[in-house]
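Just follow the structure's listing: the first ligand is 1, and inside any ligand the first atom is 1. The structure presented is a predicted model; accordingly, all values stated were derived computationally and were not measured.
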Amino acid sequence: MEIEEVAAAEQVVTPWEVSAPDGVIDYDKLVDRFGCQLIDAAIVDRIAHLTLCPPHRFLRRGIFFAHRDLNRILDLYEAGEKFYLYTGRGPSSESLHLGHLIPFMFTKYLQDAFKVPLVIQLTDDEKFLWKNLTIAECKRLARENAKDIIACGFDVERTFIFTDLNYVGGGILGITPEDHIGKVSFPPVQAAPSFPSSFPHLFPGNDQLRCLIPCAIDQDPYFRMTRDVAPKIGFQKPSLIESRFFPALQGESTKMSASDPNSAIYVTDSSKQIKAKVNKYAFSGGQASVELHRKLGANLDVDVPIKYLNFFLEDDDELDHIKKEYKEGRMLTGEVKQRLIAVLSELVARHQRARAQVTEEMVDAFMAVRPLPNMFG
Ligand code: TYM
């Protein structure tokens, strides 16, 4: 108990750092400390019922596991009121890793299921402030990342993608990055899109429209602040739907990092690279020898291939079967990894095909400051 206390006290989850020294993030404690709620089976059923869509595997499997005021959004939706979705990305590197895809895949499902508009913020200014990048490079990375986001399949009729340097800088807040007024100025920039008045071309005269924000739980601190401020400035508090982290290949004790290519699978990886990374680096919960493994089975709590399959293998029955066989020692780590390599190679190849179809004109179309006449249609 005492050990658990110490370990949990040391886990750090902020927008800039995620670490769990004992290798396992204690999500219950995190929810408790942050003051959000857990998503239970009743909420999942309610979403399925309201949208008439089968719940996404990220919901079925508790990957999106926490929320703030989600029931309020669902109550209003049931009563015929709409809302909008808001999510984002800090374009710090050329290519996204699979963890970055999680909220976008899920947001695409929410957009299709609820038929609502979506705004996507690319915080190129954040990366200018925190990383040692030039303005031109931040802008270029934002455009490249936008292509990966568009490749997730968003509907241009319902989606507005904007970069802070172009949209916020020149418009609503009048911040110019050359001023470098400091990192203190950034949190309100991430907060502003939670309020419909930030988008006069989309939501004119609709200042009380509700906002739902899908993200991983690392972004929660920004929106805790936003929710504190909202009533004071006459706006609705945004609601949140938050996911667990897709772990690094080495496990939850380390973060996937752009500077360590062996810590993560990137959307630009070839199937050869995926195969090599999974085989070499994916932390195994299997036993040291085949004999021991047959006898004791795998420890699924720390096994990275199982964690990855939990995110990306669609078939619930197959996943259950693999878990059972592996846990009871009938399946070996090598066999689980082989299945994972096939799943990830297919996913990444599909993403690469979709991204190759995204043209500069399409990026311009998503980023055009324009009304979206059929955004609730
Ligand atoms: P960024 O670029 O660090 O991350 C983009 C989105 O991916 C989520 N994420 C993950 N999800 C699952 N597993 C992981 N390992 C993982 N790593 C990152 C993040 O939670 C995020 O949703 N400041 C933000 C950009 C931003 C934003 C927003 C995000 C601006 N407005 C509104 C969410 C909602 C950032 O740098 O995200």
In ligand 1, the atoms that come under 4.0 Å of a heavy atom of Thr123 are 25 (C), 30 (C)
Within the structure, does His97 bring an N/O atom to less than 3.5 angstrom of an N/O atom in ligand 1?
no
So, regarding Phe246 and ligand 1 (criterion: nitrogen or oxygen to nitrogen or oxygen, under 3.5 Å), is there a contact or not?
yes
Where ligand 1 meets Cys215 - atom numbers and elements under 4.0 angstrom, heavy-atom basis:
22 (O), 33 (C)
So which bit of Ala216 gets within less than 4.0 Å of ligand 1, heavy atoms only: side chain, backbone, both or neither?
both
Heavy-atom distance under 4.5 Å between the side chains of Ile43 and Leu38, does that happen here?
no
Proximal ligand 1 atoms for Phe245, defined as those under 4.0 Å from one of its heavy atoms
13 (N)
Between Gln236 and Arg72, is there a side-chain heavy-atom distance shorter than 4.5 Å?
no
State whether a side-chain donor-acceptor pair under 3.5 Å links Gln121 with Asp164.
yes
Taking 4.0 Å as the limit for heavy-atom contacts, which would you say applies to Val18 with ligand 1: side chain only, backbone only, both, or neither?
neither
Treating Tyr86 as the side-chain partner and Ala191 as the backbone partner, does any N or O pair qualify as donor plus acceptor under 3.5 Å?
no
Just distances here: any N/O of Gly99 and N/O of ligand 1 closer than 3.5 Å?
yes
Yes or no: does Phe104 have any heavy atom under 4.0 Å from an atom of ligand 1?
no
Check ligand 1 against Pro103 and write out every atom of the ligand that is under 4.0 Å from a heavy-atom position of the residue.
6 (C), 7 (O), 8 (C), 11 (N), 22 (O)
Between ligand 1 and Tyr86, is the shortest N or O to N or O distance under 3.5 Å?
yes
Does any N/O atom on Ser243 come nearer than 3.5 Å to any N/O atom on ligand 1?
no
Taking heavy atoms and a distance under 4.0 Å, where does Asp218 meet ligand 1: side chain, backbone, both or neither?
side chain
Which part of Phe64 is near ligand 1, with near meaning a heavy atom under 4.0 Å away: side chain, backbone, both or neither?
neither
Side chains of Tyr326 and Thr333 only: does a donor on one sit below 3.5 Å from an acceptor on the other?
yes
Going by the atom numbers of ligand 1, which of them fall below 4.0 Å from some non-hydrogen atom of Arg244?
12 (C)
With atoms numbered from 1 as shown, which atoms in ligand 1 lie under 4.0 angstrom from a non-hydrogen atom of Ile213?
34 (C)
Nearest 0.5 Å, what's the CG-CG distance between Leu372 and Leu202?
5.0 Å
So does Asn262 get a backbone contact from the side chain of Gln250, meaning a donor-acceptor N/O pair under 3.5 Å?
yes
Mind checking whether Arg89 has an N or O less than 3.5 Å away from an N or O of ligand 1?
yes
For the side chain of His293 and the backbone of Gln287, is there at least one donor-acceptor N/O pair under 3.5 Å apart?
yes
For Gly90, the atoms of ligand 1 under 4.0 Å from one of its heavy atoms are 1 (P), 2 (O), 25 (C), 35 (C), 36 (O), 37 (O)
Got a donor-acceptor contact below 3.5 angstrom from the Lys295 side chain to the Gly329 backbone?
no
Ligand 1 contact on Gln219 by region, counting heavy-atom pairs under 4.0 Å:
side chain
Check: Arg158 side chain, Gly377 main-chain N or O, donor-acceptor pair, under 3.5 Å:
yes
Any donor-acceptor pair under 3.5 Å from Asn145 side chain to Glu94 backbone
yes
Distance-only donor-acceptor check, side chains Glu242 and Gln219, under 3.5 Å
no
